[in-house]
Amino acid sequence: MSVPPRHDAHLLVVDDDPRIRQLLTTYFQDEGYAVTGAADGTEMRDHLRLRSFDVILLDLVLPGGQDGLDLAREIRMQSDVPIMMLTGRDDVVDRIVGLEVGADDYISKPFHLREVHARLKSILRRRRPAASFPEPPTEEIIGFEDWKLNVVRRQLLDPEGNEVELTTGEFDMLVAFLRHAGRVLTRETLMDMTRGRNLEAFDRTIDAQIVRLRRKIETDPKRPQFIKAVRGVGYVFTGRLD
């Protein structure tokens, strides 16, 4: 007998291996989540057309001519829904590419279900930081160079007032820079501020996140005016706060 959902989060598990798909589905249903499964990109698109999801657990190797990286790029063109990539390939290059195309976390198979759950809860906390408070907190808006970042609503507006979609990791990274503008932040410090020491992170993960963030807020990402590298140390936000 299935357990009634105890959370408002709905997960989409995309994996062509029916055993892994069923394992994740059963585990998270027992933990009180709503879970939908998909065997490939076609089924994933069908589900995404019908409803929205809070987190997508996406296998890297899939049938049908499109792998998880292709599907992650496709998802990112339409949505900022958090993506957790699950893969049997434990290659650093794959991890970097996965994060560069928009994944929020990357877990290698075989994995421990409790670890997957811990990382999932961390993503949901960052995604909805005010969910545990009975009253909505006072809005915090940080302005820089005519941009507006609403920390509570997790919304970024460009100088023309258009909303710029950010992934969970990109948003947390920008908040860290704005709250410490002018201060050089090491990669280790940025890991602590954005992903947490309980998650597997490394220097190139931070570099990949910054490359993606620059593409969204810099006029010329190759000659950044806001987020600049400090050789051998880390990065610093040099833009003007409003």
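Counting begins at 1 with the first residue of the sequence.
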Nearest-0.5 Å distance, [atom1] of residue [X] to [atom2] of residue [Y]:
X      : Y      : atom1 : atom2 : answer
Leu190 : Ile210 : CG    : CD1   : 5.5 Å
Lys121 : Ile123 : NZ    : CD1   : 13.0 Å
Asp54  : His10  : CG    : NE2   : 8.5 Å
Leu120 : Tyr33  : CG    : OH    : 5.0 Å
Glu170 : Gln209 : CD    : CD    : 6.0 Å
Ile56  : Leu11  : CD1   : CG    : 10.5 Å

According to a hydrophobic-cluster definition based on side-chain heavy atoms being under 4.5 Å apart (Ile, Leu, Val, Met, Phe, Trp, Tyr only), do [X] and [Y] belong together?
X      : Y      : answer
Val152 : Leu157 : no
Val211 : Val164 : no
Ile206 : Leu178 : yes

Note, [X] side chain near [Y] side chain (heavy atom, < 4.5 Å):
X      : Y      : answer
Asp17  : Arg21  : no
Leu12  : Val55  : no
Leu149 : Val175 : yes
Ile227 : Ile217 : yes
Leu156 : Leu166 : yes
Ile107 : Met85  : no
Leu213 : Leu174 : yes
Lys109 : Leu86  : yes

Give the minimum heavy-atom separation between [X] and [Y], together with the two atoms involved.
X      : Y      : value
Gly169 : Asp104 : N-OD1, 3.4 Å
Pro63  : Ala39  : CD-O, 4.1 Å
Leu58  : Ala72  : CD2-N, 3.9 Å
Ala38  : Met44  : CB-N, 3.7 Å
Leu124 : Ala9   : CD1-CB, 4.0 Å
Arg187 : Gly234 : NH1-CA, 4.3 Å

Practice problem: Not counting sequence neighbours, which residues clear salt bridge (Lys or Arg N to Asp or Glu O under 4.0 Å) with Arg49? List them please. | Solution: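 Salt bridge (Lys or Arg N to Asp or Glu O under 4.0 Å) check on Arg49 returns Asp46.
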Residues two or more places apart in sequence or in another chain: which of them pass side chain to side chain contact (heavy atoms under 4.5 Å, CB included) with [X]?
X      : value
Glu165 : Asp80
Arg223 : Asp220
Ile141 : Glu139, Lys148, Asn150

Quiz prompt | Derivation and outcome, side-chain contact (heavy atoms from CB on, under 4.5 Å), residues Tyr235 and Asp207 | solution = CA-CA 9 Å; Tyr235 296 90; Asp207 294 338; 2.7 Å; yes
Quiz item: Which residue pairs satisfy the salt bridge (charged side-chain N to carboxylate O under 4.0 Å, His left out) criterion with at least one member in residues 232-242, sequence neighbours excluded?
Solution: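 Passing the test, one end in residues 232-242: Glu145-Arg240, Arg240-Asp242.
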Residues in side chain to side chain donor-acceptor pair (under 3.5 Å) with [X], at least two apart?
X      : result
Thr26  : Gln22
Arg183 : none
Thr42  : none

Quiz item: Which other residues belong to the hydrophobic cluster containing Val230, where Ile, Leu, Val, Met, Phe, Trp and Tyr are joined when side-chain heavy atoms lie under 4.5 Å apart, directly or via other members?
Solution: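 Once heavy-atom contacts under 4.5 Å are chained together, Val230 belongs with Val184, Val233, Val236.
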Self-check item: Asp16 (side chain) donor-acceptor with Asp40 (main chain) under 3.5 angstrom
Solution: no
Quiz prompt | Over-ring placement of Arg179 relative to Phe177, 6.0 Å and 45° cut-offs | solution =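 The answer is no, since Arg179 fails at least one limit relative to Phe177.
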Which residues share a ring-ring contact (aromatic ring centres under 6.0 Å, His included) with [X], sequence neighbours left out:
X      : value
Tyr27  : His117
His180 : none
Phe144 : Trp147, Phe226, Phe237

Self-check item: Residues, nucleotides or ligands: over 12 heavy atoms within 6.0 Å of Arg153 CZ
Solution: no
Quiz item: Can Asp172 and Arg125 be said to form a salt bridge (charged side-chain N to carboxylate O under 4.0 Å, His left out), step by step?
Solution: CA-CA 12 Å; Asp172 293 342; Arg125 282 196 300 269; over 6 Å; no
Quiz prompt | Worked check of side-chain contact (heavy atoms from CB on, under 4.5 Å) between Glu43 and Thr36 | solution = CA-CA 10 Å; Glu43 289 188 11; Thr36 297; over 6 Å; no
Exercise. Tell me, with the steps shown, if Asp67 and Leu62 meet side-chain contact (heavy atoms from CB on, under 4.5 Å).
Key: CA-CA 5 Å; Asp67 61 16; Leu62 292 168; 5.5 Å; no
Quiz item: Which is it for Thr167 and Arg212 under the side-chain contact (heavy atoms from CB on, under 4.5 Å) test, yes or no, and what are the steps along the way?
Solution: CA-CA 10 Å; Thr167 66; Arg212 287 166 40 206; 2.9 Å; yes
